[in-house]
Amino acid sequence: MPRLLVLLLLSTLASHARDLGRPHGLVIHGGAGVIARSTMTPEREAEYRARLAEALNAGYAVLERGGASLEAVTAAINVMEDSPLFNAGKGAVFNADGICELDASIMDGRTQAAGAVAGVHHIKNPINLARDVMLKSPHVMMVGDGAEKFARGLSYELVPNEYFQTDWRREQLKKAQAKEKDGKERTAAIPDDYFTRTLRWGTVGCVALDQAGNLAAGTSTGGMTNKKFGRVGDAPIIGAGTYANNATCAVSATGWGEFFIRVGVARDIAAQMEYKGTALRDAAAATIAKVGRLGGDGGVIALDAAGNYTFEFNSPGMYRAARLSNQPSVVAIYGDEATR
Ligand code: ASP
């Protein structure tokens, strides 16, 4: 074999071996909000833990076989979108018109490429369409009918809106609308709004780090119960609900979207790291404190390229889990559960 070829082969093998030794893994959330032991049955709690573990393992399997972080994010989110437990895909909350209206976004930390969809009604896995907006269109964000036309062009099978609808989310809409009729509806400017805090948990998100050292982030949601038709939250907005950059971190958010948009949550965390050299956990805590000062609630998951991660939230609970190659795995729900 020519000497050059041997050298090339050896250097490829060496870099592959280096990659295999790198920390890799993922962190997921299934929404933050008023999640209390008093309103949870042991069966339901077990179901949540099982589904979180399934999503975590689906994403981890991709990373273990050397797959890309983007692919792991999609795989983990698909499991939660397909489960009626979460407010994304099947089981999404209802808007004021009594239908499910879905938002999602994804970002590649290596290239800073991003894709998002908002206000779609017939896309079974909105995170997949967000990924295709990123990979197969010249755009970053597509909404409503146009996004669905784009999906049809890619031979997506569109599902009826009833596919997403579940009885318990319909009950939540009824409660929210009854309260509204009582004249108790508050605007986003008043923080103690009953149903915006209590009837929306279940947005899903994932941040992942692959063996090549690349970060990715994604978020998918039905938004907030009784949201006005056409309302778009933070989840599909790059820099608010989702952000990834190999140089800083990957972030996925969940919470009262109006506040997360106004703070620019995901990018705010990365910006503190970029401009001030702040550590991941401190940056996430400072940003969630800003959300709290404005009157909002919710949380984030964040991961950096060294494999450090954090769950940061100011609500009573957050469905959350993490599996990194160099740390023990965790699955947790309530705010007081130890995760380290
Ligand atoms: N952030 C989502 C939205 O405002 C809702 C949530 O995460 O609970 O649409």
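Everything numeric in this text was worked out from a predicted model, so none of it was measured. First listed ligand is number 1; within each ligand, the first listed atom is number 1.
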Look only at interatomic distance and state if Asp103 has a nitrogen or oxygen under 3.5 Å from any nitrogen or oxygen of ligand 1.
no

Do ligand 1 and Thr254 have nitrogen or oxygen atoms that lie under 3.5 Å from each other?
yes

So Phe86 and Tyr48, would you call those rings parallel, tilted or perpendicular, with 30° and 60° as cut-offs?
perpendicular

Where on Met318 is there a heavy atom closer than 4.0 Å to ligand 1, on the side chain, on the backbone, on both, or on neither?
neither

Using a strict threshold of under 4.0 Å (side-chain N to carboxylate O), is an ion pair present between Arg231 and Glu258?
yes

I need the single residue from Leu56, Val27, Val79, Val73 that forms a side chain to side chain contact (heavy atoms under 4.5 Å, CB included) with Cys206. Which is it?
Val73

Taking side chain to side chain contact (heavy atoms under 4.5 Å, CB included) as the criterion, tell me which of Ile106, Val207, Leu303 meets it with Ser252.
Val207

Does CG in Asn326 sit with more than 12 non-hydrogen atoms of other residues, nucleotides or ligands closer than 6.0 Å?
yes

So, applying side-chain hydrogen bond (donor to acceptor under 3.5 Å, both in side chains) with Asn214, which one of Thr111, Asn246, Asp108 is it?
Asn246

Minimum distance, heavy atoms only, to atom 6 (C) of ligand 1: which one of Thr221, Thr203, Asp234, Asn87 is it?
Thr203

Among Ala235, Gly255, Ala240, which one has a heavy atom closest to atom 2 (C) of ligand 1?
Gly255

In ligand 1, which numbered atoms sit nearer than 4.0 Å to a non-hydrogen atom of [X]?
X: Met224; value: 4 (O)
X: Gly223; value: 5 (C), 9 (O)
X: Gly257; value: 4 (O)

Let me confirm one number: the CZ-CG distance from Arg110 to Leu215, rounded to the nearest 0.5 Å.
12.0 Å

With a 4.0 Å cut-off on heavy atoms, is Lys227 in contact with ligand 1?
no

